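This report concerns only the one structure given below.
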Amino acid sequence: MRDLGAGFGHLLKGQRWMARHGKSYGLGLVPGLITLVLYAAALVALAMWGTDFVSWATPFADDWSSPWSGLFRGFLTVVLFALALLLAVLTFTAVTLLVGQPFYEALSERVDRDVSPDGTAPESDLPLWRELWLSGRDSLRILVRAALWGVLLFALGFIPFVGQTVVPVIGFFVTGFFLTEELTSVALQRRGVELRERLALLRSRKTLVWGFGTPLAVSFLVPFVAVFLMPGAVAGATLLARELLGEETRDGRDDRSDGGPADPAVSPGPAPAH
């Protein structure tokens, strides 16, 4: 339970950090807005032409007697839209991070410098194109894993009672884990931590990860909320990554909107849990 609270605490600290840095927050909204427009357009198109697509894909149902053909195709249309929504939730973070890679990289570095005792942050020696390639490749691997979980949970959803109670809860925890992986990848990739090591690191502190990612997964279901929480989520994930690696972290020192001298009076944060 302690780790659950600590994970949620990192999420709140990240949002508070962004609230103190208005200019960075404004720029951080741009990648999320771009991704939101793209996803909204895709979902609107699916809502408009989903029925036609299902009818085209099921010609064998043309000769079925009424109302079975309509019920069958209506059910498939609902399933198709539900899967599209699940895929949108699972991939929104990855696509937004890819679109906003340069900014989120700089944002994560700034958080590191702000909370590091010596005011330094790990820096990547890789060129931008290489970072984008690694980020895209790793995101695709995570997407495959998340899609497999999504298919499994969707199938389990047809089990009476369990499918309507237990399975959705499990789904939020699974989604929260993968969201946390995507968000912490910004800070961990900059430290040279490969995907396999990142997954092992996150699995070693599952309750900490769930405390951070599960509330975020729930909030991302509310329209537009993901856009406004993304910058703070990246900041909080940087703090989470520091705890996972056992790095000493102090309270943020820069309390001004953007920039300004650091406050020399700093107090140490909680000791990293091992």
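Only this structure's heavy atoms are used, side chains among them; waters, hydrogens and symmetry mates stay out. The shown structure was predicted, so the numbers you read here are calculated from the model rather than taken from an experiment.
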Report summary line: Rounded to the nearest 0.5 Å, the NE2 atom of His10 sits from the CZ atom of Phe212 at a distance of 9.0 Å
Requested in this report: Evaluate salt bridge (charged side-chain N to carboxylate O under 4.0 Å, His left out) for Arg191 paired with Glu197, printing each intermediate quantity in order.
Outcome: CA-CA 12 Å; Arg191 290 164 166 81; Glu197 298 173 272; over 6 Å; no
Query raised in the report: Is there a side-chain contact between Leu208 and Leu4, using heavy atoms and a 4.5 Å cut-off?
Result: no
Requested in this report: Consider only side-chain heavy atoms of I, L, V, M, F, W and Y, link residues closer than 4.5 Å, and tell whether Trp210 and Val166 are in one cluster.
Outcome: yes
Requested in this report: Would you give the length of the straight line joining atom OG of Ser204 to atom CG of Leu244, rounded to the nearest 0.5 angstrom?
Outcome: 6.5 Å
Query - Heavy-atom pair of closest approach, residues Pro122 and Asp112 - result: CD-OD2, 4.0 Å
Taking distance alone, no hydrogens or angles, what donor-acceptor pairs closer than 3.5 Å link side-chain atoms of residues 228-239 to residues at least two apart or in another chain?
unit_1: Thr238; atom_1: OG1; unit_2: Ser108; atom_2: OG; d: 2.9
unit_1: Thr238; atom_1: OG1; unit_2: Val234; atom_2: O; d: 3.0

Query raised in the report: When rounded to the nearest 0.5 angstrom, what distance separates CD in Glu194 from CG in Asp138?
Result: 7.0 Å
Requested in this report: Search all heavy atoms of Ala241 against all heavy atoms of Ala187 and return the closest pair with its distance.
Outcome: CB-CB, 3.9 Å
Query raised in the report: Are any non-hydrogen side-chain atoms of Glu243 and Thr249 less than 4.5 angstrom apart?
Result: no
Query raised in the report: Take atom CZ in Phe92; do more than 12 heavy atoms of anything else shown fall under 6.0 Å from it?
Result: yes
Query - Shortest non-hydrogen contact from Leu29 toward Val227 - result: CD2-O, 3.4 Å
**Report entry** Ion pair Arg242/Glu248, N-O distance below 4.0 Å
**Finding:** no
Report task. Following the transitive rule for hydrophobic clusters with a side-chain heavy-atom cut-off under 4.5 Å over Ile, Leu, Val, Met, Phe, Trp and Tyr, establish whether Val78 and Val54 coincide in one cluster. Result -> no
Report summary line: Heavy-atom nearest pair, Phe173 first then Thr214, reads CD2-OG1, 3.5 Å
Please tabulate, for the side chains in residues 143-162, all donor-acceptor contacts under 3.5 angstrom to protein atoms that are two or more places apart in sequence or on a different chain.
none

Query raised in the report: Is a side-chain N or O of Ser116 found less than 3.5 angstrom from the main chain of Arg113, in a donor-acceptor match?
Result: no
Query raised in the report: Can you name the salt bridge (charged side-chain N to carboxylate O under 4.0 Å, His left out) partners of Glu181, sequence neighbours left out?
Result: Arg198
Report summary line: Nearest heavy-atom approach of Thr35 to Thr96 is OG1-OG1, 3.3 Å
Query raised in the report: So do Leu80 and Phe53 actually touch side chain to side chain, heavy atoms under 4.5 Å?
Result: yes
Query raised in the report: Does the pair Phe8 and Leu11 meet the rule for a side-chain contact (heavy atoms from CB on, under 4.5 Å), with working shown?
Result: CA-CA 5 Å; Phe8 185 63; Leu11 180 60; 4.2 Å; yes
Report task. Find the distance between CD (Glu109) and CZ (Arg190) and round it off to the nearest 0.5 Å. Result -> 5.0 Å
Query raised in the report: Aromatic ring centroids of Trp64 and Phe72 under 6.0 Å?
Result: yes
Query raised in the report: Going through the distances and angles, do Trp17 and Lys13 end up as a side-chain contact (heavy atoms from CB on, under 4.5 Å)?
Result: CA-CA 6 Å; Trp17 193 95; Lys13 288 176 184 176; over 6 Å; no
Please table the atom pairs, donor to acceptor, closer than 3.5 Å between any side-chain atom in residues 82-90 and protein atoms at least two apart or in another chain.
none

Report task. State the OG1-CG distance between Thr184 and Leu179, to the nearest 0.5 angstrom. Result -> 10.5 Å
Query - NZ/NE/NH1/NH2 to OD/OE distance under 4.0 Å, Arg250 and Asp118 - result: no
Query raised in the report: Is there a chain of hydrophobic side chains (I, L, V, M, F, W, Y, each step under 4.5 Å between heavy atoms) that links Phe178 to Val169?
Result: yes
Requested in this report: Compare every heavy atom of Gly28 with every heavy atom of Pro31, then report the nearest pair and how far apart it is.
Outcome: CD-O, 3.4 Å
Query raised in the report: Would the number of heavy atoms belonging to other residues, nucleotides or ligands and lying under 6.0 Å from CZ of Phe81 be above 12?
Result: yes
Query raised in the report: Any Lys/Arg nitrogen of Lys206 or Asp3 sitting under 4.0 Å from an Asp/Glu carboxylate oxygen of the other?
Result: no
Query raised in the report: Could you give the distance from OG1 (Thr180) to CZ (Phe177), rounded to the nearest 0.5 Å?
Result: 8.0 Å
**Report entry** Pairwise side chain to side chain donor-acceptor pair (under 3.5 Å) hits with a residue in residues 43-61, at least two apart
**Finding:** Thr58-Arg73
Report task. Please step through side-chain contact (heavy atoms from CB on, under 4.5 Å) for the pair Arg110 and His21, ending with a clear verdict. Result -> CA-CA 11 Å; Arg110 183 170 184 186; His21 300 79; 3.3 Å; yes
Query raised in the report: Can you list the steps and then say if Val95 with Tyr39 is a side-chain contact (heavy atoms from CB on, under 4.5 Å)?
Result: CA-CA 10 Å; Val95 174; Tyr39 274 54; 3.1 Å; yes
Requested in this report: State whether the side chain of Thr175 and the backbone N or O of Phe172 hold a donor-acceptor pair below 3.5 Å, judged by distance alone.
Outcome: no
Query raised in the report: Shared ILVMFWY cluster between Leu202 and Leu245, side chains joined below 4.5 angstrom?
Result: yes
Query - Pairing residues for Gln15 by the side chain to side chain donor-acceptor pair (under 3.5 Å) criterion, not counting sequence neighbours - result: none
